[in-house]
Amino acid sequence: MKFTLLLFLLTTVQVFGTAYSQGTKLSLNLQNATTVQIFDKIENQSNFKFLYNNDLLENKNHENVLFDNQTVEQILDVVLNGSGSKYSVLENNLIVISPDENQTQQGTITGTITDQRGEPLIGASVVVKGTTIGTVVDVNGNYMLSGVPSGEVVLVISFIGYSTQEIVATGETLNVILKEDVVGLDEVVVVGYGSIKKSDLTGSVSQVKAEEIAAYPSLGATQALQGRSAGVQIQANNGEPGASFNVRIRGVSSINSSSDPLYVVDGFPGASAPPAEDIQSIEILKDASATAIYGSRGANGVILITTKRGSVGKARIEINSSYSVQNEISRLDLLNKDQFTDYVTEVDPNALNGTIIGPGTDWQEEIFRTGQIQNHQLSISGGNEGLKYYVSGGLYDQSGIIINSNFKRYSITSNLDIKATDKLDMGVNLFARRTIKDGIRTQESSGGTSNTGVVSAAFQGEPTLPVYNEDGTYAISWLGDPNDNPVAIAREQANERVDDRVQVNFFGQYEFIKDLKLRVVLGASSNNHREGTYTPTTLNAGSNIGGYGAIGSGRYTALINENYLTYTKQLGNHTISGMAGYSYESTSSEYWFASSQTYLTDAFLWWDLDGGSTYNQPNSSITKTELSSYYGRVNYKLFDRYMITLNARYDGSSKFAKNNKWAFFPSGAIAWNVAEESFMDEAEKISQLKLRASYGVTGNQAIGAYQSLAKLGTVHSIENSSIVNAVRPTTVANDNLTWETTAQTNVGFDLGMFDQRVSLIADFYLKKTTNLLFSSPLPEYSGYSSLLKNIGSLQNKGFELTLTTVNTNGALKWTTDLNFSLNRNKILELPDGTDIFYQVSPGHMVGFSNTNVLREGEPVGVFYGYTYDGVYQEGETILPGNFDQYAGGEKYRDIDGVKDEDGNLNRRNRW
C-alpha cells in the first residue's frame, strides 16, 4: 500500500526526458548480470537512483549486456523489454520501476505432472520462477496457473523423491514427466557446519526424513528416532508422562562423565529439539570423521536436527492431530484377599486377631488406568523469493497409566528466511516451549514408611486393606512397616514441575565472490524451571512434622556465536571445498531452593512457605562455563570417484585445569566410489558401490565446572548458643586434569542395486576412550577423601548393517527398512586395577548392598551378586552362610569352594 501511494505521488510530478537524462551517456559491459545488478551499475556511473519493489520486479539474468555511449532510456528500453515492467524518469533523476499494466497477460497455463510410469504426482509444486505465482498438482495429476506474465516464463516443478526441473513455457499447455532421484544419491545431507551430497559422504552418517519422524505420535524427536538408525540405542528412563530418554550412539563412552550425544538444532549446539512434526530431517553423526568437527563434544556422537522452512508459493496450511491410548504391559499375579488371609493364618494363626478385614482390594486395579495421549499441531508456511516463512504451534497432552500422573507441552516454532540482497541472506529461528508435569513417586531412592513409592506400595499392600477407613481417612498398612497405601501416595503427594524454554538464533550469510561465503550465527537460549513439592499431613512423612513444603527454581542461559567461511571450487575433474571458523559459547546456571514445615493447613501446598513454623536451611548456587573453538574442514574429490575429508578442531574449555585448557581433535576419511570406475560399466545391476574408511579423535568435556580447582565449603557450628558459619577446604586442586579422549576407526561400504531399489550400508568400528575421569582415594591424614584424576580406559567395538528396499513405487508406495547393530563394551583399565562396586537397586528393595561392579575385562554396568541355584529340598545339605537355612529356602551356588574364616559363603561367590 505504501509503495502504491508513493508511485502515485511521484508519477504526478514526473517529467519524461529531462535534460540530464537526455544529456547523460552511459557505457555498460557485463556478462550474466541480473536486472538489479544493471541498475546498480547505472547508479555507480551517474546521478540516477532507482526505486522498485522486489516482489514486482522480474530480476532475470542477461547473458551479454553491451551498451556504448547510450542514454539511460535506450538502455532501459532493452533491459525491461518483455519483463512486465515499465520505467519513469523523474526530474530529480529518480527512476521508478513499476508494473506495466498495458502488457497483456497470458491468462493461464495448464498441464499434467506425472512420473515415468504415467502415475500422477499428487502434491507436486509448480511455480513461475521469480514470482509468487504457484500451485500444487491435484489428485488427477493436473495443475493450473493463473495470471502468468506474457512471453517466455520458466516453470519450476519439484516433488520429494524426484529431480527438480526448470522448463520454459511458451504456450498455454505444458505436460511434464519427472524422473526419480536415484534414491537420494544426489540429495543433500546435513553435516557439521555445512551440507554435502549423499553420494560424496566419506563418514558414517544416518539420515531420518520428515515422513519417518512423524510416522506415529511421539513425545519428541528422540522417541521418534527409536529403531530408525543402526547403532543408536534409545530407551525411556521410566514410564511416567514426559519422561526423558537415554540415547547411546555406539555404546557407552564414559563411566563418570555423560555419554549423551550433542544435539545441534539449525546450527545451534546444545539446543532443544522442537516437536517431531516441525522437523524436516535428522542426521546422526556416528564416526569420528563426522563428529570431530565438534571436538570436545563429539565423543558420544552428534544429532543434527533441521527444522521445516517456508518455500516459494501460496500459503500452505497443515494440521496434524492424533489420539492414542496406553496400558501397562502386564500385571503381577498377586494374592487376593482369601489367599492372603489363608497364607497369613498358616504362618501365624493369631496374626489377624483384631484386624479389620475389608471387602478385598486389588491395589494394581486402584492405581492403574488407561493412559491417553493427544497430539495436535497447526502450521502455516509459504513466501516469495524475498521472504519465506514457517510458523507452527503444537499441544501435547498425556495422562499417564498411573492415576494423577500428567504431562502437557505447549510449543511454538517459527522460521524466517530473508533474501536482503543478491549477496546477503538473513534469517531467524525461534522456538518456545512450556511443559507442565504432575509427577508421582515411582522411582524412590530410599525405603521406609516416609518414602514409599506408588508401584512398590501396590505390590506390598495387603489385599485385605481398604482404600479408606470408616472415618474417611486413608488406611495404612498393618503388616510389617506402617506404609501409606498406594492410592493415598498417588493422590495426596503433590509434585509439579514447570519448564519454560526460549531459544532463538539469528544468521546472516554473505557471498563475497562466487563460491566464497561467510556465515555468522548469533544464538541465545534460556530455560527456566520451577518445581514445587508438598507432603501433606494425610501421609506418614507429613503427619509427623505437620506437613512439608518446598520449592526450587533455576535458570539456565546459553549464548553462542559461530563465524565460518566456506569456499567451493571445481577445476576440471577436481572439486575442492573448505571451511574454517571460530565459535564462542558461554553458559550460566542458577539455582535456588527453600522449604519449611509444620503448617496449620495443607490447602496452600508450596505457595505458603512462610506459613510453616519451622524453616529449613535454604540454598542457592551459580555456575558459569566458557568454550572457545577454532575449526576447519577440507573436502577433495577427483573424477567423482576418489574422496578425502580432513577435519580439525581446537577447543578451549574453562572446565579443565590450567595446564590442559586446550586440546586438538583431528580426523580424516577416504572413500572410493567404485561404481564410477570404467570396469564397472558391465555391472548394470549395481547402481552404487562405495568403500569408506576413517580415523579420528574426539573429546568429552561433559563434567561439572570447577572440578580441577581447590574448593571451599560452608560449615555451621554452635558457639555460645548461636549458630556461626565458616569455610573449610573440601577438594584439592588438580592442575593436570584434562579431557576424556576417544579415538575411533571406522570401515564401511555403501551398496546400491537395481537403480537403488535395494541398498545396503555396513560399518565396522573400534572406539577406545582414554583418560577416564575417576575419583582416586587419598590418605585420611590428608584431610581429603579423594582427588579427581584421569585414570582408566574402555573400549567399544561393533558392527552395523542397514538394508533398505523399495518394494513398490507407484500409486502404492511401499518400502522396507531393516537395521541391525552389535556393540561389545569392555573396561580396559581402572585405577590400580581395583574393582569398583556400586548400588543401583530401588530404595524399597532391602537387603541389598552393592549390586553392580566395574571390573577390568567386563562391560560397564554388569550385575554383581550370587548365582541362584534353585530351592533346598528335604534332606539336602545347606551351605553355611546361605541366606535361608531351611528346606524350601532359596539356594545360592558355591562358585569356588572358598569360605570365609567362619566357613560361610563370602563375597568371592558373587560375580
Side-chain angles (χ1 to χ4, degrees), residues 188-196 200-203 205 261-271 283 285 288-299 301-306 417 423-429 503-525 558-569 575-587 625-636 644-654 661-669 694 696-699 701 739:
V188 173
V189 175
V190 178
V191 294
Y193 303 103
S195 59
I196 192 171
D200 292 342
L201 274 175
T202 57
V205 179
L262 172 68
Y263 290 83
V264 181
V265 181
D266 290 329
F268 194 152
E283 277 78 14
L285 313 184
S289 170
T291 63
I293 197 66
Y294 289 102
S296 62
R297 294 178 291 181
V302 181
I303 297 178
L304 303 179
I305 297 176
T306 303
D417 294 285
K423 292 182 176 291
L424 178 62
D425 294 320
M426 302 176 67
V428 59
N429 306 311
Q503 61 191 37
V504 58
N505 62 312
F506 300 89
F507 67 88
Q509 181 169 287
Y510 187 80
E511 185 176 21
F512 293 101
I513 58 174
K514 186 178 180 181
D515 301 324
L516 178 61
K517 300 177 181 179
L518 170 66
R519 189 176 182 90
V520 178
V521 179
L522 298 173
S525 174
L559 301 175
I560 188 170
N561 170 227
E562 300 271 6
N563 313 270
Y564 56 95
L565 286 163
T566 58
Y567 181 75
T568 302
K569 190 67 175 179
T575 302
I576 187 169
S577 63
M579 183 274 298
Y582 169 78
S583 73
Y584 173 79
E585 179 179 343
S586 66
T587 68
T625 67
E626 293 182 344
L627 179 68
S628 184
S629 307
Y630 301 90
Y631 50 86
R633 176 175 54 233
V634 174
N635 290 318
Y636 174 73
I644 298 175
T645 300
L646 300 174
N647 291 286
R649 187 171 181 118
Y650 190 51
D651 276 342
S653 173
S654 63
K661 288 290 185 187
W662 293 83
F664 182 64
F665 303 99
S667 76
S694 68
V697 178
T698 52
Q701 55 126 10
W739 326 70

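- Looking only at side-chain heavy atoms (C-beta outward), Ile196 and Leu201 come within less than 4.5 Å of each other.
- Heavy-atom neighbours of Phe506 CZ from other residues, nucleotides or ligands within 6.0 Å: at or below the threshold of 12.
- Proximity of a side-chain donor or acceptor of Ser654 to a complementary backbone N or O of Glu626 within less than 3.5 Å is detected.
- Judged by distance alone, with hydrogens and angles left aside, the side-chain atoms of Arg649 form a donor-acceptor pair with the main-chain N or O of Ile293 at under 3.5 Å.
- A donor-acceptor pair under 3.5 Å is formed between the side chain of Asp651 and the backbone N or O of Ser296.
- Here the shortest heavy-atom pairing between Gly203 and Ser289 reads CA-OG, 4.2 Å.
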- Message: Run Val521 and Ile560 through side-chain contact (heavy atoms from CB on, under 4.5 Å) and show every step you take.
- Response: CA-CA 8 Å; Val521 179; Ile560 188 170; 5.6 Å; no
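- Side chains of Tyr294 and Val264 form a contact here, defined as non-hydrogen atoms less than 4.5 Å apart.
- Residue-environment remark: NZ (Lys569) stays at or below the threshold of 12 foreign heavy atoms within 6.0 Å.
- The two residues Ala292 and Asn647 come nearest to each other via the heavy atoms CB-CB, 4.5 Å.
- A pairwise comparison of heavy atoms in Leu262 and Gly270 identifies CD1-N, 3.8 Å as the closest pair.
- Of the inter-residue distances, the one linking Ile305 atom CD1 with Tyr263 atom OH reads 7.0 Å to the nearest 0.5 angstrom.
- The line from OG1 of Thr306 to CG of Asn429 is 10.0 Å long, rounded to the nearest 0.5 Å.
- Side-chain contact between Pro269 and Glu562 is present, with at least one heavy-atom pair separated by less than 4.5 Å.
- For Phe268 against Asn505, the heavy-atom pair with the smallest separation is CD1-CB, 4.0 Å.
- No side-chain heavy atom of Thr202 sits less than 4.5 Å from a side-chain heavy atom of Ile644.
- Under the 4.5 Å side-chain criterion, counting only non-hydrogen atoms from C-beta, Val520 is in contact with Asn561.
- Under the side-chain contact (heavy atoms from CB on, under 4.5 Å) criterion, Thr566 pairs with Lys517, Tyr564, Met579, not counting sequence neighbours.
- Taken from OG in Ser667 to CG in Leu646, the straight-line distance is 7.5 Å, to the nearest 0.5 Å.
- With sequence neighbours excluded, the residues forming a side-chain contact (heavy atoms from CB on, under 4.5 Å) with Thr575 are Gln570, Lys637, listed by chain and number.
- Remark: Asp417 CG to Asp425 CG distance equals 8.0 Å, nearest 0.5 Å.
- Closest approach of Thr291 to Thr698, counting heavy atoms only: OG1-CG2, 3.4 Å.
- Taking every heavy atom of both residues into account, Ser653 and Trp739 meet most closely at CB-CH2, 3.4 Å.
- In terms of the salt bridge (Lys or Arg N to Asp or Glu O under 4.0 Å) criterion, Arg633 has no residue partners (sequence neighbours excluded).
- Under the 6.0 Å cut-off for aromatic ring centres, Tyr582 and Tyr584 do not qualify, their centroids lying 6.0 Å or more apart.
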- Task: Apply ring-ring contact (aromatic ring centres under 6.0 Å, His included) to Phe664 and Tyr630, showing your working.
- Result: CA-CA 10 Å; Phe664 182 64; Tyr630 301 90; over 10 Å; no
